[in-house]
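Order of the sequence lines sets the chain letters (A, B, ...), proteins ahead of strands, with each chain counted from 1. Just so you know, these numbers come straight off a predicted model, no measurement behind them.
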There are 2 protein chains.
Amino acid sequence: MKLSTKGRYAVMALADIAKFDDNNPVSLRDISLRQGISLLYLEQIFSMLKKNQIVESVRGSNGGYKLTKSPDQIKISNIFSAVQENIKTVGCKKESKKGCNGKSAKCITHNLWDELELHINEFFNKKNLSDLVKGKNENRV
Amino acid sequence: MKLSTKGRYAVMALADIAKFDDNNPVSLRDISLRQGISLLYLEQIFSMLKKNQIVESVRGSNGGYKLTKSPDQIKISNIFSAVQENIKTVGCKKESKKGCNGKSAKCITHNLWDELELHINEFFNKKNLSDLVKGKNENRV
DNA sequence: TCTAAACTTGACTATTTTACTATGGTATAT
DNA sequence: ATATACCATAGTAAAATAGTCAAGTTTAGA
Ligand code: FES
Ligand code: FES
């Protein structure tokens, strides 16, 4: 069970904007250099973030991206759902009545994984971007 | 971010033993049939569970596996560490001083992912096998 | 004693997912 | 003009997952 780079980079990049934004758009090139993330990969991620109104873009020279809301209004769960970093703990289709083994009932562990998913989502709902920027101390990049 | 079958099956199989065990060993064949898990895959998983003293084996005809402890003493975290279903949320090496981007300091999101890992482990430490078996009602397999 | 059930081990492989890269654009400040 | 930066789609190498295969050993019971 691991977090993929897509979600990790998305949060990292947005935290970077939140930190360096002085109301000017921040270019992906700068984020790429500061955070050490591939520029082309960032473009892909930001296309999703834009589609989901997490950021807005400014095209052309001196352009870049800005947050659409203040950092404390952007929850990790919003970011993750935008880039489709979704957590899946159950083995079955949620909507289906069938279990993960193809049988007609949900398996013996189904409820446990469901609770786990809830537990994790709780964390993502409670954390937002400003939680990351507040703690900007010397020990971080 | 998803839970892999290895961990899911391990818990499912052990819950099966906890449920059907009347002090006789339970064969992998039976578990395979009841839970719809590949027998060969189960063998692989149980080899790890045995090495870590979660189960003990009885060889030969009418053999199978038994839990080494009572279900309420077997935590999900014990099972997961046995089958190496480990959760990894950070992008960097925990022990290293370097960040996930190869830079000399931990990245801006590092603490967040670390907290997440703690939060998830808390869940696995608090749940045990008996939590699964207690709730054996008609709606489950 | 024979045999079938069941555990044991290690190597091997197909599939899927992840983590990008490549290409070829369009828009705009200077 | 032109450099900078966003935009979009397709492709691909590497890693992880989810198994399978082969060749055993052990032991209960007929
Ligand atoms: S996880 Fe939902 S039925 Fe097994
Ligand atoms: S996750 Fe640890 S440094 Fe980025």
Fill in: Residue whose closest nucleotide on DNA chain D lies nearer the 5' end, Arg29(A) versus Lys2(A)
Arg29(A)
Which residues pass the side chain to side chain contact (heavy atoms under 4.5 Å, CB included) test with [X], not counting sequence neighbours?
X	answer
Arg59(A)	none
Lys2(B)	Lys88(A)
Asp72(A)	Ser70(A), Asn128(A), Ser130(A)

Roughly, in whole Å, what's the span from [atom1] in [X] to [atom2] in [N]?
X	N	atom1	atom2	answer
Met12(B)	dA18(D)	CE	C1'	14 Å
Met1(A)	dA16(D)	CE	C1'	15 Å
Asn24(A)	dA5(D)	CG	P	13 Å
Leu3(B)	dA18(D)	CG	P	9 Å
Leu49(A)	dC6(D)	CG	P	13 Å

Worksheet item: Could you give the start and end, 5' to 3', of the contact zone on DNA chain C for chain A, using atoms under 4.0 Å from its heavy atoms?
Response: dA19(C) to dT30(C)
Item to complete: Report, as a single string ordered 5' to 3', how protein heavy atoms within less than 4.0 Å touch nucleotides 20-30 of chain D: B base, S sugar-phosphate only, - not at all.
Response: BB--BBBBBS-
Practice prompt. May I ask you to say what Thr5(A) touches in the nucleic acid, namely base, sugar-phosphate or nothing, with a heavy-atom cut-off under 4.0 Å?
Written response: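 Answer is sugar-phosphate: Thr5(A) comes under 4.0 Å of backbone atoms only.
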Practice prompt. Would you indicate what Ser57(A) reaches in the nucleic acid, counting non-hydrogen atoms under 4.0 angstrom: base, sugar-phosphate, or nothing?
Written response: sugar-phosphate
Worksheet item: Are Leu129(A) and Ile79(A) close enough that some pair of their side-chain heavy atoms sits under 4.5 Å apart?
Response: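 Of all side-chain heavy-atom pairs linking Ile79(A) with Leu129(A), at least one is under 4.5 Å.
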Worksheet entry | Within residues 42-51 of chain A or reaching into it, pairs that qualify as side chain to side chain donor-acceptor pair (under 3.5 Å) - sequence neighbours excluded |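 Those involving residues 42-51 of chain A are Lys50(A)-Ser57(A).
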Tabulate below the donor-acceptor pairs under 3.5 Å that side-chain atoms of residues 5-14 of chain B make, not counting sequence neighbours, or state none.
residue : atom : partner  : partner atom : Å
Thr5(B) : OG1  : Tyr41(B) : OH           : 3.3
Lys6(B) : NZ   : Val83(B) : O            : 3.3

Practice prompt. Just jot down the side-chain hydrogen bond (donor to acceptor under 3.5 Å, both in side chains) partners of Asn86(A), sequence neighbours excluded, or say none.
Written response: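 Residues passing side-chain hydrogen bond (donor to acceptor under 3.5 Å, both in side chains) with Asn86(A): none at all.
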Discussion item. Check this one for me: any side-chain N or O of Lys50(A) less than 4.0 Å away from OP1 or OP2 of dC7(D)?
Written reply: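 For dC7(D), OP1 or OP2 has a side-chain N or O of Lys50(A) closer than 4.0 Å.
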Item to complete: Sort and list the pairs that fulfil salt bridge (Lys or Arg N to Asp or Glu O under 4.0 Å) and have at least one residue in residues 109-121 of chain B, not counting sequence neighbours.
Response: Lys127(A)-Glu115(B), Lys94(B)-Asp114(B), Lys94(B)-Glu117(B)
